[in-house]
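Below is one structure; the comments refer to it alone.
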Amino acid sequence: MTTPVTEPGLRLTVLVGESDNWHHRPVYTEIVHRAHAAGLSGASVFRGIEGFGASSMIHTQRLLSLSEDLPVAVVIVDTEAAVRAFLPQITELADGCSVTLDACEIVRRDSSRAREGGTDPGIRGEQR
């Protein structure tokens, strides 16, 4: 078994409320569409089951609470340069939301292409 080839990357996480909107569209949807248009390698949205933010109000999916504003995390992983170039596009969307950056390693699926300096389709381009 060969050791996977990795490269440094940056993970961008934006924590928003499910009911947060930008021009009548959910903020998380707007972030995903902007990331796609910017050519980033991918974006995923995760719905939380419980949480609280700056308001200190706890939002939960438990039946008695019937919250419609559950926490949502948008996660984007790409090269540091690509993520940092994208940051200004979400500044206006993330007003009052938590935005974090974490260093990470991107694992290449095709180690031969990574060694040759080629672009891996799993990192940039169409998802399989």
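Since this is a predicted model, take the numbers as computed values, not measurements.
- With sequence neighbours excluded, the residues satisfying salt bridge (Lys or Arg N to Asp or Glu O under 4.0 Å) with Arg84 are Glu80.
- Going from atom OG1 of Thr29 over to atom CH2 of Trp22 covers 14.5 Å, rounded to the nearest 0.5 Å.
- If you take CG on Leu40 and OG1 on Thr79, they are separated by 8.0 Å, rounding to the nearest 0.5 Å.
- Using a 4.5 Å heavy-atom threshold, the side chains of Pro26 and Asn21 count as touching.
- To the nearest 0.5 angstrom, Ile76 atom CD1 is 4.5 Å from Phe86 atom CZ.
- Residues that satisfy the side-chain contact (heavy atoms from CB on, under 4.5 Å) test with Ser98, not counting sequence neighbours, are Leu15.
- Distance check, rounded to the nearest 0.5 Å: NE2 of His23 to CD of Glu30 gives 8.0 Å.
- Of the candidates Val77, Leu10, Val5, Thr6, Val77 is the only one forming a side chain to side chain contact (heavy atoms under 4.5 Å, CB included) with Ile106.
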Extract all donor-acceptor atom pairs below 3.5 Å that involve side chains of residues 89-96 and protein atoms in other chains or at least two apart in sequence.
unit_1	atom_1	unit_2	atom_2	d
Thr91	OG1	Leu87	O	3.1
Glu92	OE2	Arg34	NH1	2.9
Glu92	OE2	Arg34	NH2	3.2

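- Note that SG of Cys104 and CG of Leu12 are 10.5 Å apart. Values are rounded to the nearest 0.5 Å.
- Remark: Asp78 CG to Glu7 CD distance equals 8.0 Å, nearest 0.5 Å.
- The shortest side-chain heavy-atom distance between Leu101 and Val83 falls under the 4.5 Å cut-off.
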